Structure formats: structure tokens, C-alpha cells
K.L.:
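Next up is a structure, given as C-alpha cells.
Note that the structure is predicted; figures quoted are calculated from it, not measured.
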Amino acid sequence: MAENFIRAGAFDSLEPDRTELLWRLPVLHDHLEALAGSSGQRRGQLRAFFCPPCRAGLERQWTLEDKVRAELELLGLTVTCHPLELYEEELRKMGVVMSYELPELGDEVPVTVAGVYERAQNPWMRSGRRTMFLTLEDAYGLYECVCFESKLAQIAPVVARASYFLVRGRLQNNHKRGLAIVVEEVGDLEEVVGRGPGKLASRVRAAARAMPKKVG
């Protein structure tokens, strides 16, 4: 439990070097056991924290990617930054538009966006057809994607299995219907970048494995 607290950054305000704390943890445990003695009672255990610290001198530094991966694994959410914020430069090269830019674009403009699954609803409409409303989140906020029945056969299996998405469609941006992306194609971002060059594929795979699985 203490190791997980360290990896998630709970003690960063006391010691920002998480590798150092992970190294000290068994040393502290051994000191506590020594204070307990044969009785097994840890009276005065606070004395273990007053011993002069001996630094390990290890060189490994925790990158933003390391911290985000640990937070996703242990907490199911990120505190340091949004996962896709780490890869914005590479997503830009793929033609991806960020959510904060959508309101500034015109109506019926082709767009490509990337996001993390937030929720999906698939209600019956008055016409008797099914429409999926897919809410995604990038590093800047939430946005809605509308998937009409003619596309559901292709889109639904991807939504069911993936956590990260690459969406291509046209932007609906008018006073009558509001702001949303009418979906033409949805891809698993992990698979899409796996077919292209660069380091994004391995990074997304690692983060996707750490993401909590959707239920239902």
C-alpha cells in the first residue's frame, strides 16, 4: 500500500524523488521491525522517521509519462496531466483538431479529432432509428460525436473495445443544432497509430493497458 502511495505521488510534497522513496521504504520497514523487537509491538515507532536519511543516489527520473501511467494504473484517473496532452505534437501531425478549436470552425467542415471514452448512449429516435451519441474527452475538454444508424455497424464494435479514439467526420456548428461532430469513421487510436511511423503507438498501447475497462 505504501509503495502504491509513493508511485501515485502522494508523498511528492515531502520528497519529489519517487525512486528515492521507493528505495527508502524497505529500509524504513526494517527500522520499524528493529524498534518492535521480539515483542512485535511498535511502541515509539515515530522514532523511525527521525533517523538521518541516507540517499540512494539513484539516477532514474520519473517522466510525465511515467507519472501518468502510474496514476492510470493505481487511481483510474490522471492528476499530473491528461494522457493525450503527452502526444499533442504527434496528433497535430496527423491532422487532429483540439476541442477548444472546434467552436471557431465553420459549419459542415471536415474534421479529425482524438479523445478518450467518456460515455456512449444509443437511444431510439422518433424516426424509429438508432443513433449513438459518443462523448469523448481530449486534453482541453469534452465534445460530442453523433453516429447515425447507417454507420453503427462499423462504429459500435470499435466503441465496445477501445478506450482511445480517432474520429473523422464533419463538424455541425450552427445555432439550430449546436456543436457536434457527425461521424463518418471511428478508429481505435492505438491501432491507427500502430500502422504509422513514430513512437506514439507504443505510448498509447502502454496507456491503454492502464486505463480502467468500460463496464456494460
Side-chain angles (χ1 to χ4, degrees), residues 68 72 76-198 200-201 203-205 207-216:
V68 167
L72 287 172
L77 52 86
T78 57
V79 179
T80 302
C81 69
H82 191 279
L84 293 186
E85 189 176 336
L86 299 173
Y87 319 118
E88 182 171 335
E89 182 178 350
E90 291 159 284
L91 292 172
R92 290 283 192 186
K93 293 178 181 179
M94 298 168 60
V96 171
V97 176
M98 303 301 143
S99 61
Y100 72 87
E101 298 172 302
L102 295 175
E104 304 303 321
L105 301 178
D107 192 27
E108 297 297 320
V109 174
V111 292
T112 301
V113 294
V116 180
Y117 176 92
E118 177 67 23
R119 61 181 175 269
Q121 299 176 349
N122 193 17
W124 289 99
M125 307 303 289
R126 292 181 181 178
S127 62
R129 297 181 178 182
R130 300 295 290 269
T131 300
M132 178 184 292
F133 296 93
L134 177 63
T135 305
L136 300 181
E137 179 189 62
D138 66 6
Y140 300 96
L142 299 171
Y143 56 91
E144 298 292 335
C145 299
V146 181
C147 313
F148 291 117
E149 189 174 60
S150 60
K151 302 287 185 179
L152 284 182
Q154 178 265 327
I155 292 171
V158 180
V159 174
R161 73 171 185 270
S163 295
Y164 292 83
F165 299 93
L166 186 71
V167 177
R168 294 185 176 92
R170 71 180 191 277
L171 180 64
Q172 173 185 282
N173 185 10
N174 56 66
H175 293 293
K176 183 177 180 180
R177 296 188 176 182
L179 183 72
I181 297 167
V182 179
V183 175
E184 296 175 359
E185 181 182 357
V186 173
D188 183 333
L189 182 59
E190 176 186 354
E191 295 176 357
V192 172
V193 298
R195 294 195 295 266
L200 183 59
R203 294 178 181 177
V204 170
R205 276 195 290 272
R209 284 195 295 268
M211 285 289 288
K213 300 300 181 183
K214 300 192 290 288
V215 179

K.L.:
Quick check against the 3.5 Å criterion: does Q154 have a side-chain atom that pairs as donor or acceptor with the backbone of V186?
P.N.:
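Side chain of Q154 to backbone of V186, a donor-acceptor pair under 3.5 Å: yes, one is there.
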
K.L.:
Which pair of non-hydrogen atoms, one from L171 and one from A180, has the smallest distance, and what is that distance?
P.N.:
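Scanning both residues completely, I find the closest heavy atoms to be CD1-O, 3.5 Å.
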
K.L.:
Can you name the closest pair of heavy atoms from A114 and L189 and give their distance?
P.N.:
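Closest approach of A114 to L189: CB-CD2, 4.4 Å.
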
K.L.:
State, yes or no, whether a side-chain contact exists between S99 and V113 at a heavy-atom distance under 4.5 Å.
P.N.:
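No, every pair of side-chain atoms sits at 4.5 Å or beyond.
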
K.L.:
Does a side-chain heavy-atom distance below 4.5 Å link T135 with E137?
P.N.:
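No, side chains not in contact.
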
K.L.:
Could you give the distance from CG (L152) to CZ (R130), rounded to the nearest 0.5 Å?
P.N.:
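If we round to the nearest 0.5 Å, L152:CG and R130:CZ are 8.0 Å apart.
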
K.L.:
Got V159 and Y117 here, is their nearest side-chain heavy-atom distance under 4.5 Å?
P.N.:
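Yes, close enough: below the 4.5 Å cut-off.
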
K.L.:
Just so I know, are the side chains of T112 and M94 near enough to count as touching, which here means a heavy-atom distance under 4.5 Å?
P.N.:
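No, every pair of side-chain atoms sits at 4.5 Å or beyond.
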
K.L.:
Any heavy-atom pair between the side chains of T80 and T78 that's under 4.5 Å?
P.N.:
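A side-chain contact under 4.5 Å is absent here.
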
K.L.:
For the CD atom of E118 and the OH atom of Y143, what is their distance to the nearest 0.5 Å?
P.N.:
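Answer for the CD-OH pair, E118 versus Y143, is 11.5 Å.
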
K.L.:
Could you tell me whether the side chain of I181 reaches within less than 4.5 Å of the side chain of L136, counting heavy atoms only?
P.N.:
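Answer no - side chains too far apart.
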
K.L.:
Where do V158 and F165 come nearest, in terms of heavy atoms and distance?
P.N.:
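What the structure gives for the nearest pair is O-CE2, 3.6 Å.
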
K.L.:
When rounded to the nearest 0.5 angstrom, what is the spacing between OG in S150 and CD in E184?
P.N.:
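Reported value, rounded in 0.5 Å steps: 10.0 Å.
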
K.L.:
What pair of heavy atoms forms the shortest contact from C81 to L86, and how long is it?
P.N.:
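For C81 and L86, the tightest heavy-atom pair comes out as SG-CD2, 3.9 Å.
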
K.L.:
Please find the pair of heavy atoms, one from P103 and one from L179, that lie closest to each other, and give the distance.
P.N.:
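Distance-wise, the nearest heavy atoms are CG-CD2, 4.0 Å.
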
K.L.:
Looking at R170 and E108, does any basic side-chain N land under 4.0 Å from a carboxylate oxygen?
P.N.:
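Yes, charged N to carboxylate O under 4.0 Å.
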
K.L.:
Which value, rounded to the nearest 0.5 Å, describes the distance between L142 atom CG and R119 atom CZ?
P.N.:
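CZ of R119 is found 6.5 Å from CG of L142.
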
K.L.:
What residue among H82, E85, E88 forms side chain to side chain donor-acceptor pair (under 3.5 Å) with Y140?
P.N.:
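Checked H82, E85, E88 against Y140; only one passes side chain to side chain donor-acceptor pair (under 3.5 Å): E88.
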
K.L.:
V183 versus K151: any side-chain heavy-atom pair under 4.5 Å?
P.N.:
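A side-chain contact under 4.5 Å is absent here.
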
K.L.:
Out of curiosity, E90 CD to K93 NZ, how far, rounded to the nearest 0.5 Å?
P.N.:
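The distance works out to 6.5 Å.
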
K.L.:
Between the side chain of Q172 and the main-chain N/O of R177, is any donor-acceptor distance below 3.5 Å?
P.N.:
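Yes; judged by distance alone, with no hydrogens or angles, the pair exists.
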
K.L.:
Indicate the atoms forming the closest heavy-atom contact of D107 with N173, along with that distance.
P.N.:
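In this case the closest contact between D107 and N173 is OD1-N, 2.9 Å.
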
K.L.:
Supply the atom-to-atom distance I155 CD1 to F148 CZ, rounded to the nearest 0.5 angstrom.
P.N.:
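Answer rounded to 0.5 Å: 10.5 Å.
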
